[in-house]
Amino acid sequence: MSDTGRRSTVEGPGAPEGRELSPAVVVLSGVVGGISLAVGGLLAVTGLLGYRAGAWVSPEALSPGLVGAAMLGVAPALFTIGRARVWEDVRSLALPLVTVLVGLFAVSLLNAGSLQAFHGGPIFLALFSLGWVATLGVLALAAVGCLAAQYRKPVGAVRPAGDGDGNGEGDHDGNGNGNGNGNGNRDRDRDGHAGHGAGGAPHRPVAPLPGWSKPLLAVLGSGWLGIGAGLLVFPGFWGPLVPWTVNRADAQGLGVWALSLGVGVLASLAEDDLARTRPALRAVPAVALALAVVLAVRAGSVDWTSGPGVSLVALVAGLFVTGVSGRWLLSRAERRSTPG
């Protein structure tokens, strides 16, 4: 049967096992990606120029600039989610996305008094802050709904479109033959290795994480997760530790992004398969690079000699190295598995 028109998968051709990726997740990621490019670009550029253009009042231009840089960095990867066929291939990026949307909406409500609209800011920023809250509310609700619907889908082999049409073609032909029949046979991948059925053997990684990388990923993910949780839950204590001046809203907004980065890194560690973290591997180095540019331009606002300043450098550098090395290892694994 012709492969023309089939969507490619993260792991390559075949019938990947897992929950079929919901079209709602693809649409949501595309919408958020488009908004992130526009809004993130605005916040990042104004932050670079020294203007405080965030939804809430900030004492420094750096904080809204970093939020914008993170949005701008993750946007291109969000557009690639639709290339996958199963949820498991994108959840290391989708789960942090849900974390950011719900978290930023909650922070905006908790700090409503600091919003530009309620603080008497310029008319453009006042309208921007109202649009920020309204848009985040809709997206956060949609993200929770998409996540709930996604996990209601059953786990099983997801066949390319056109298979199983009952005409005797493909893996699910009409006479019960083929890999996908109901006689308990297991699928085999293109290398001839036995696959796994729904509810059967666990997923066999295509490109397992090297053993030496796992402790490093655990430290990096835990660092971002811990700092994010601290800033979000205890901004009064953790806020003064940030190596530049922040208020409560800044501390919690930055905490949401740090928390989501930690979720993404630890989710990738839990997957233990570089092929299932491809969208996250696209996002991580781009986010790190965007953050580094804003931090470099606004370097005068940061206390680089402090412990938190040194830790920030290590965490951002760790993100960049993780993304670049992960993509290199995945490319090498794919070259080795390619026949000839």
Pair Ser22-Lys153, side-chain contact (heavy atoms from CB on, under 4.5 Å): steps then yes or no: CA-CA 8 Å; Ser22 170; Lys153 286 183 174 290; 3.8 Å; yes
Hydrophobic clusters here meaning ILVMFWY residues chained together by side-chain heavy-atom distances under 4.5 Å, can you tell me if [X] and [Y] are in one?
X	Y	answer
Val233	Leu254	yes
Leu330	Trp328	yes
Val321	Leu281	no
Val57	Leu130	no
Leu291	Trp304	yes

Find the distance between [atom1] ([X]) and [atom2] ([Y]) and round it off to the nearest 0.5 Å.
X	Y	atom1	atom2	result
Ser222	Ile227	OG	CD1	11.0 Å
Arg83	Asp89	CZ	CG	13.0 Å
Leu93	Arg276	CG	CZ	15.5 Å
Leu125	Leu115	CG	CG	11.5 Å
Arg85	Glu20	CZ	CD	9.5 Å
Ser58	Arg52	OG	CZ	8.0 Å

Grab the two heavy atoms, one from [X] and one from [Y], that are nearest each other, plus how far apart they are.
X	Y	answer
Leu231	Ala251	CB-O, 3.3 Å
Phe105	Ala140	CB-CB, 4.2 Å
Leu259	Ala229	CD1-N, 4.0 Å
Pro208	Leu274	O-CD1, 4.5 Å
Ser301	Leu62	CB-CD2, 4.3 Å
Gly18	Glu88	CA-OE1, 3.3 Å

I want to check something: taking the side chain as every heavy atom from C-beta on, are [X] and [Y] in contact at a cut-off of under 4.5 Å?
X	Y	answer
Gln150	Leu21	yes
Pro154	Arg19	no
Val90	Val26	no
Val265	Thr322	no
Leu312	Leu295	yes
Trp257	Leu104	yes
Val107	Trp56	yes

Can you sort out the partners of Tyr151 under ring-ring contact (aromatic ring centres under 6.0 Å, His included), two or more places apart, ordered by chain and number?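 Result, ring-ring contact (aromatic ring centres under 6.0 Å, His included) vs Tyr151: Trp87.
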Pair listing, salt bridge (charged side-chain N to carboxylate O under 4.0 Å, His left out) test, anchored in [range], at least two apart:
range	answer
residues 307-323	none
residues 90-108	Arg91-Glu271
residues 297-324	none
residues 211-240	Lys214-Asp272

Give a yes or no on whether the backbone of [Y] and the side-chain of [X] come within a donor-acceptor separation of less than 3.5 Å.
X	Y	result
Ser306	Gly309	yes
Ser213	Pro210	yes
Asp273	Val206	yes

For Pro59, side chain to side chain contact (heavy atoms under 4.5 Å, CB included) partners two or more places apart: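 Partners of Pro59 under the side chain to side chain contact (heavy atoms under 4.5 Å, CB included) test: Thr245, Asn247, Asp250.
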Using the side chain to side chain contact (heavy atoms under 4.5 Å, CB included) criterion, which residues pair with Ala143? Sequence neighbours excluded.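 Ala143 satisfies side chain to side chain contact (heavy atoms under 4.5 Å, CB included) with Leu28, Val98, Leu101 only.
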Taking distance alone, no hydrogens or angles, what donor-acceptor pairs closer than 3.5 Å link side-chain atoms of residues 33-46 to residues at least two apart or in another chain?
from	atom 1	to	atom 2	distance (Å)
Ser36	OG	Val32	O	2.8
Thr46	OG1	Leu42	O	2.7
Thr46	OG1	Leu43	O	3.1

Within residues 217-245 or reaching into it, pairs that qualify as ring pair (Phe, Tyr, Trp, His ring centres under 6.0 Å) - sequence neighbours excluded: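 Checked against ring pair (Phe, Tyr, Trp, His ring centres under 6.0 Å) - neighbours excluded - no pair reaches residues 217-245.
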Side chain to side chain donor-acceptor pair (under 3.5 Å): which pairs involve residues 122-135, sequence neighbours left out?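 Pairs touching residues 122-135 that pass the test: Ser108-Trp132.
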Please determine whether side-chain contact (heavy atoms from CB on, under 4.5 Å) holds for the pair Leu127 and Ile123, giving the CA-CA distance in whole Å, both sets of side-chain angles, and the decisive distance to 0.1 Å. CA-CA 6 Å; Leu127 294 175; Ile123 184 63; 4.2 Å; yes
Identify all side-chain donor-acceptor contacts of residues 64-81 below 3.5 Å with residues at least two apart in sequence or on another chain.
from	atom 1	to	atom 2	distance (Å)
Thr80	OG1	Ala77	O	2.7
Thr80	OG1	Arg282	NH1	3.4

May I ask you to list the residues sharing a hydrophobic cluster with Phe320, side-chain cutoff 4.5 Å, ordered by chain and number?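 Members alongside Phe320: Val324.
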